[in-house]
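As structure tokens, the structure follows; a few thoughts come after it.
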There are 2 protein chains.
Amino acid sequence: MTTPSTALLTDRYELTMLQATLRNGTAQRRSVFELFARRLSGGRRYGVVAGVGRALDALAEFRFGEDELAWLREAEVVDDATLDWLADYQFTGSIWGYPDGEVYFPHSPVMIVEGTFAESVVLETLLLSVLNHDAAIATAASRMITAAGDRPCIEMGSRRTHEAAAVAAARAAYIAGFAATSNLEAGRTFGIPTTGTSAHSFTLLHDTEREAFEAQVRSLGPGTTLLVDTYDIPEAIRTAVDLAGDELGGVRLDSGDLVSLARTVRQQLDELGAEQTRITVTSDLDEYAIAALAVAPVDGYGVGTSLVTGSGVPTSGFVYKLVSRADDDGRMVSVAKRSQDKVSVGGRKYALRRLGPNGRAQAEVIGVDGTPVHDENDRSLLVELVRDGKRIHHESLEDSRARLRSSLAELPASARQLSKSDPVLETVYEENAS
Amino acid sequence: MTTPSTALLTDRYELTMLQATLRNGTAQRRSVFELFARRLSGGRRYGVVAGVGRALDALAEFRFGEDELAWLREAEVVDDATLDWLADYQFTGSIWGYPDGEVYFPHSPVMIVEGTFAESVVLETLLLSVLNHDAAIATAASRMITAAGDRPCIEMGSRRTHEAAAVAAARAAYIAGFAATSNLEAGRTFGIPTTGTSAHSFTLLHDTEREAFEAQVRSLGPGTTLLVDTYDIPEAIRTAVDLAGDELGGVRLDSGDLVSLARTVRQQLDELGAEQTRITVTSDLDEYAIAALAVAPVDGYGVGTSLVTGSGVPTSGFVYKLVSRADDDGRMVSVAKRSQDKVSVGGRKYALRRLGPNGRAQAEVIGVDGTPVHDENDRSLLVELVRDGKRIHHESLEDSRARLRSSLAELPASARQLSKSDPVLETVYEENAS
């Protein structure tokens, strides 16, 4: 099976800029592009990198095949010389970046693409799309995980977002610590555990709730989770325990005042002897609702809409800027736009997290054109993703999950607060980079 | 080239419900599912349907091939009998709905799926994903088009959203009246006009701004649009007109106080004789910023982030509910969940827009189990999309665009206001449906 080309997931101006630079020879100038966020939107205290693995997968499929070239010719997007160049396209440069699960702050150089201008400029949209989406989801998801404490969160927002974005959202949520997803394609593509209960339609299909529960228990065993709020919850609980006994796996509540409801349901379950039966709640949860449920006897959270829409911050604000390029003599020159409201800093960046002797993070330190001065406590943040066109970074989602856990553990405790704030680490530019 | 299967863009519970109903025979009960929104989020005055064409495309690829079945078996999602059933899956029912470009209101029956429970329940996630995303974008886009008046809007938000969602967003924006997109894949897939200017990186790549402009004009002709805010805007304008003369197509402003900037730039262009040169602005625009720019001499808007994220409402809130199903005797029974905070109304719906003699819309009228009483002014809203498994609805995006224009023209004038409000039409259930 051929994987579809990702080459046209690209803004037209990248190819017309390419054409203009192929004509005047600047296309071949060595260039450094940097992907970073100027700020953390929504008063987030930290950001979570996600999408790097997907971006590298997408890069491998960034090729202009016959179909892509034919359409570009027909639509008169670029001239024949540019089409010829695109036909041979293969990224031959290098990419460094923050790996999936690392936390980031304003101006963290989350990804650095080094190559010719031509081969690097055409990746702008694809890299930004992947990271802007996935990091927004992972950042929101991480806040939910923090709010949930030891209770598992299930990602179930597929229906609230674009069908392909849903699969990526499941991946980002898993990196952030979600236990499972409802999305089957995410299970197939990324090996994420999948799970599910049943819908109100299933109960309504049957003549009685009892028949619906019977069918589910017979099909999936008593360990299944029954949805108990279609009609009358106390009656549904009685029916559920009557059918599945104290082996009943769980009940799901999808409406109402969940804090008081969970208490009532817990009490009823215990009285019926179903003390091991778990209570999962799923109604329009976000990190704040999850935090409010901490006092309730809830065993797990199913999160949908707010997760896949980034809980108010659906995109990360990453931009992709040229920060350095060669001149005619091949010397690298730092460059930056001179605009008052959109600050960037030129030069190739290096990054480390400054850690105190107790292992606690103190600052995000950026070196320009050299590694910042550091001691043995500090942690280097950029990893090599692609070297001379060859992908050298592969890691499992379990590795990314572990990274986020340890990166979060380094941050000041205030990182775990949900209220809006400045980032918990300050980003500082190290003057004496060496 | 094989189009990838969409069958696993599905929540796991759909397949486990399927398994339970195949075992007890309820899988074959005739069912009616309805896709609707309980409310218009974000104080929107109307919603715009989009995604119907994409949903029907996706339905055609909803098949469980060898790869999908192998994974479901390996992951132990469902039993062998269910896998056998899925292997033969083909939707054989009927679908009615509001077509792309129609406006909708709370409880409008935007899509109605009629078939067996089994064949209909498995479409829940796919249909919701497509419509929840696309309609959110189209609804936001329509507000921007209203704010822009006669000035064209260009969709350029690909980099701010998931790479595949970007393509769908371009389609939704085009339905809503956007003139073009920056996204090449949207050009190829949907035939939407593509356009673009250039990035700051292009200017920064060159030793001088003049060299960059020269390269662009030489490559794309004087009719191109030059990005003039990398360094000093007045100087850039002088250089641009010097190079391209009064044939200079346009200049783009991507930062700063756009209202005053546009005035200064317009004056300078006019003084230089470039009276035909257009001014395009593109910096973090949303419908409110566009409205504020109405007084400025701007010729077009490029809209990114706020468009592809639904300008504060990234998802439409559509749900997919069983509203009617057969009993053992084959009689259809209306069903609805009895939950206080999530109201639904059972029964198969019919819908029309009640129009006054002046052609002005007065209400969204829903009939339950029959067409509402109506006169010759009223307009029926549901069109047949799929009949007995066969798609019978095909229309061009131009048709969808035209529908939205005429549907909006019917609405009360207050629909064009941007402030938060109740929906401009009330949804009423017609008791005397016949």
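Quick caveat: nothing in here was measured; it's all calculated off a predicted structure. A note on names: the letters A, B, ... follow the listed sequences, proteins ahead of strands, and every chain is numbered from 1.
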Set out, in order, the CA-CA distance, both residues' side-chain angles and the distance that settles side-chain contact (heavy atoms from CB on, under 4.5 Å) for B/Thr16 and A/Thr197, then state yes or no. CA-CA 8 Å; B/Thr16 53; A/Thr197 60; over 6 Å; no
Under the side-chain contact (heavy atoms from CB on, under 4.5 Å) rule, what do A/Asp11 and B/Thr181 come out as? Steps first, then yes or no, please. CA-CA 8 Å; A/Asp11 286 319; B/Thr181 177; over 6 Å; no
Intermediate values then yes/no, side-chain contact (heavy atoms from CB on, under 4.5 Å), B/Arg188 and A/Glu68: CA-CA 8 Å; B/Arg188 171 166 73 162; A/Glu68 288 74 37; 3.0 Å; yes
Please evaluate residues A/Met17 and B/Ser219 with respect to the criterion side-chain contact (heavy atoms from CB on, under 4.5 Å), reporting the C-alpha separation (whole Å), side-chain torsions for both, the decisive distance (0.1 Å), and the verdict. CA-CA 9 Å; A/Met17 286 191 281; B/Ser219 174; over 6 Å; no
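Under the 30°/60° scheme for interplanar angles, the aromatic rings of A/His162 and B/His162 are found to lie parallel.
Both the backbone and the side chain of B/Arg160 come within less than 4.5 Å of a heavy atom of chain A. Both the backbone and the side chain of B/Arg159 come within less than 4.5 Å of a heavy atom in chain A. Both the backbone and the side chain of A/Ala199 have a heavy atom closer than 4.5 Å to some heavy atom of chain B. When heavy atoms are compared at a cutoff of 4.5 Å, B/Leu204 approaches chain A by way of both its backbone and its side chain. At a 4.5 Å heavy-atom cutoff, the contact between B/Leu72 and chain A is made by side-chain atoms alone. Only the side chain of B/Phe117 comes within less than 4.5 Å of a heavy atom of chain A; its backbone N, CA, C and O stay farther away. In this structure, the portion of A/Ser31 lying under 4.5 Å from any heavy atom of chain B is its side chain and not its backbone. For chain A, the nearby parts of B/Ala164 are the backbone and the side chain; heavy atoms of each come within less than 4.5 Å. Within the 4.5 angstrom heavy-atom criterion, only side-chain atoms of B/Val121, from C-beta onward, approach chain A. Residue A/Tyr320: no heavy atom, backbone or side chain, is found under 4.5 Å from chain B. Of the two parts of B/Val77, only the side chain, counted from C-beta on, holds a non-hydrogen atom closer than 4.5 Å to a non-hydrogen atom of chain A. Contact annotation for B/Leu127: neither backbone nor side-chain heavy atoms come within less than 4.5 Å of a heavy atom of chain A. With a 4.5 angstrom heavy-atom cutoff, A/Ala336 touches chain B only via backbone atoms. Using a 4.5 Å cut-off between heavy atoms, A/Thr161 touches chain B through its backbone atoms (N, CA, C, O) alone. Only the side chain of A/Glu124 comes within less than 4.5 Å of a heavy atom in chain B; its backbone stays farther off. Interface remark: A/Thr195 contributes backbone atoms only to the contact with chain B (heavy atom separation under 4.5 Å).
No other option in A/Val217, A/Ile137, A/Val333, A/Leu322 has as many heavy-atom pairs under 4.5 Å with chain B as A/Leu322. In terms of heavy-atom pairs under 4.5 angstrom with chain B, the leader among A/Glu14, A/Gln216, A/Met156, A/His133 is A/His133. Contact tally against chain B (heavy-atom pairs below 4.5 Å) for A/Asp328, A/Thr203, A/Val130, A/Val319: the top residue is A/Val130. Each of A/Gly196, A/Ala75, A/Gly187, A/Ala166 has some count of heavy-atom pairs under 4.5 Å with chain B, and the biggest count is that of A/Gly187. In terms of heavy-atom pairs under 4.5 Å with chain A, the best-connected choice from B/Asp327, B/Leu128, B/Leu131 is B/Leu128. The residue among B/Leu205, B/Val335, B/Leu220 with the most heavy atom pairs within less than 4.5 Å of chain A is B/Leu205.
In terms of heavy atoms, B/Ser158 sits closest to A/Ser129 at O-OG, 2.7 Å. A pairwise comparison of heavy atoms in B/Ser201 and A/Phe33 identifies CB-CE2, 3.7 Å as the closest pair.
A distance of 8.0 Å separates OG1 in A/Thr10 from CG in B/Asn183, rounded to the nearest 0.5 Å. Put simply, CG on A/Leu9 and CG on B/Leu184 are 9.5 Å apart, with the number rounded to the nearest 0.5 Å. Distance check: B/Glu163 CD to A/Asn132 CG gives 11.5 Å after rounding to the nearest 0.5 Å. Within the model, atoms CG of A/Leu227 and OH of B/Tyr13 stand 8.5 Å from one another, a figure rounded to the nearest 0.5 Å.
B/Arg12 and A/Thr194 share a donor-acceptor pair across their side chains, judged by distance under 3.5 Å alone.
A salt bridge does not link B/Lys337 to A/Asp254: none of the charged side-chain nitrogens sits closer than 4.0 Å to a carboxylate oxygen.
Partner of B/Asn24 under the side-chain hydrogen bond (donor to acceptor under 3.5 Å, both in side chains) criterion, out of A/Arg218, A/Glu214, A/His206: A/His206 alone.
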